[in-house]
Participant: 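Starting off with a structure, shown below.
Each ligand, and each atom within it, is numbered from 1 in the order the structure gives.
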Amino acid sequence: MKKLELHWKIIIGLVLGVAWAVISAYFGISEFTINWIKPFGDIFIRLLKLIAVPLVLFSIINGIAGLSDVTKLGRLGAKTIGFYLLTTLFATTLGLTLVNTIQPGNKVSDSVKEQLIANIQSAEGEVVVDPKIAEKEKDAKEMKKGGPLRFLVELFPENIFLSLSNNLLMLQVIVFAIFFGIGISLVPIEKAKPVRDFVSSFNDIILKLVDIIMQGAPFFVFALLAGVMAQLTKNDPTLLVDVFSGMGWFALTAVLGLAFLIFVFYPTIMKLTVRKISYRDFFRKIGNAQLVAFSTSSSAATLPVTMDCVRENIGVSHDVTSFVLPVGATVNMDGTSLYQAVTAVFLAQFFGYDLSLSAQITIVFTAALASIGTPAVPSAGLVMLIIVLESVGLPAWWIALIFPIDRPLDMIRTVVNVTGDATAATVIASSEGELVLVEQERIENFKVE
Ligand code: ASP
């Protein structure tokens, strides 16, 4: 009998996780779920993050050291940045179009509006700024500090061990790895051989570790989903319904835009550029990465799985995978930029604030830039939303309204972010003649082994 493919097992884990959370809320044992099941989900995220930094470091060094032609690096860089910028701008514009057409903020009835605002106000009618929001506001201000070239300066590490020990400094690790790889390629072959062999063998071992972790993914995803949902519902399953009611139109607008990107936009780009890959195949090949993105809400934690899927299942070359995906996981967030645009305008509509055309254009660009600066971790998009709101003179505390509903939407926008990275890698590899499509059957045999 044919064994069930891994992505189906993960889907089952996911569904069981949600079911478990609802049942445990119903029986009033959410506390048990949070104390005894959720930790296994946390272990999954930790293991993936543990793998991400060494994987990026060694796979980039390995790729660059083996480059026969350094100009290729410049070409890859230009294509990658160009692709990411264009898709991000498209996503933001799509978000704005949808939110202006559907007008979710104007669809909330006055009574629900009052209720929602009362939820975030004290008895004296003052907005209670949740300490978490105040903290996020501080984080956002921190990100904004410095001159216009601060981002460039911060690309360069001053101490590689500090960069390696902080997952938010992935770009510095990438810069170091490129620099080191160039160094290796310029040293005589016999001198560089021990380091090259070491890096290449280390890289293979890390990839094996990704496979091992993924074997446990169905169970880990169950634990993650059960934990996240239990935190949302506490001991009251109707709480989830409450969160969505009132926010329903907003959630729908965001989900519509995100779904469009996943199911129409990326597959269309694929169809136009890489004809040989069918719609269904694309999703089968990157399904594991999408499911892990959905469960972890972190493109950085998903990176090892994305790299595995793109290289092993689609057949993108090592050079392209190891460069395009780590950069993408850190800077390319189409889902986040769409979400930020939709949310900023929704909040303006909700609070009856008219946004001029120029304010909306400002939102397109700030949301695109904010998404580039958004760390690839859960809810980071919400922090950076503060910058988007402030860019058009809207108050940061408005995000309090979005807080309860952010996590489920974060799960979907992370799927978009990861799908965008995988599409970029495939398209760029194809344009470089470095895509050797892996037959679906081979994948299935490989997974069954
Ligand atoms: N969670 C998203 C990611 O890791 C970022 C966000 O919050 O939008 O891609």
Participant: Show me which atoms of ligand 1 lie under 4.0 Å from any heavy atom of Gly381.
Facilitator: 6 (C), 7 (O), 8 (O)
Participant: Using distance alone, decide if ligand 1 has a nitrogen or oxygen within less than 3.5 Å of any nitrogen or oxygen in Asp410.
Facilitator: yes
Participant: Any idea which atoms of ligand 1 are less than 4.0 Å away from a heavy-atom of Thr336?
Facilitator: 5 (C), 6 (C), 8 (O)
Participant: With rounding to the nearest 0.5 angstrom, report the CZ to OG distance, Arg413 to Ser379.
Facilitator: 6.5 Å
Participant: For Glu432, is there an ion pair with Arg75 - N to carboxylate O distance below 4.0 angstrom?
Facilitator: yes
Participant: So, is Leu382 polar-close to ligand 1, with some N/O to N/O distance under 3.5 Å?
Facilitator: no
Participant: Just which atoms of ligand 1 are under 4.0 Å from any heavy atom in Ser297?
Facilitator: 1 (N), 4 (O)
Participant: For Val377, counting its heavy atoms only, list the atoms of ligand 1 lying under 4.0 Å from any of them.
Facilitator: 1 (N), 2 (C), 4 (O), 5 (C), 7 (O)
Participant: Should you measure from each heavy atom of Ser298, which atoms of ligand 1 turn up under 4.0 Å away?
Facilitator: 4 (O)
Participant: Under 4.0 Å from any heavy atom of Ser379, which atoms of ligand 1 are there?
Facilitator: 7 (O)
Participant: Determine whether the side chain, the backbone, both or neither of Ser299 has a heavy atom under 4.0 Å from any heavy atom of ligand 1.
Facilitator: both
Participant: Which of the numbered atoms in ligand 1 are below 4.0 angstrom from a heavy atom of Ala380?
Facilitator: 7 (O)
Participant: Report yes or no: do Arg284 and His7 form a side-chain donor-acceptor pair below 3.5 Å?
Facilitator: no
Participant: Could you please spell out the steps behind the ring-ring contact (aromatic ring centres under 6.0 Å, His included) verdict for Phe44 and Phe40?
Facilitator: CA-CA 6 Å; Phe44 185 46; Phe40 293 96; over 10 Å; no
Participant: Checking the side chain of Asp319 only, and the main-chain atoms of Ile64 only, is there a donor and an acceptor separated by less than 3.5 Å?
Facilitator: no
Participant: What distance do Thr268 atom OG1 and Tyr279 atom OH have between them, rounded to the nearest 0.5 Å?
Facilitator: 8.0 Å
Participant: Quick one about Thr374 and Thr336 (side-chain donor to acceptor, distance below 3.5 Å, no hydrogens or angles considered), yes or no?
Facilitator: no
Participant: Using atom types as modelled and distance alone, determine if a side-chain donor or acceptor of Ser298 lies under 3.5 Å from a backbone N or O of Pro378.
Facilitator: no
Participant: For Ala376, take its heavy atoms, then give the atoms of ligand 1 lying under 4.0 Å from any of them.
Facilitator: 4 (O)
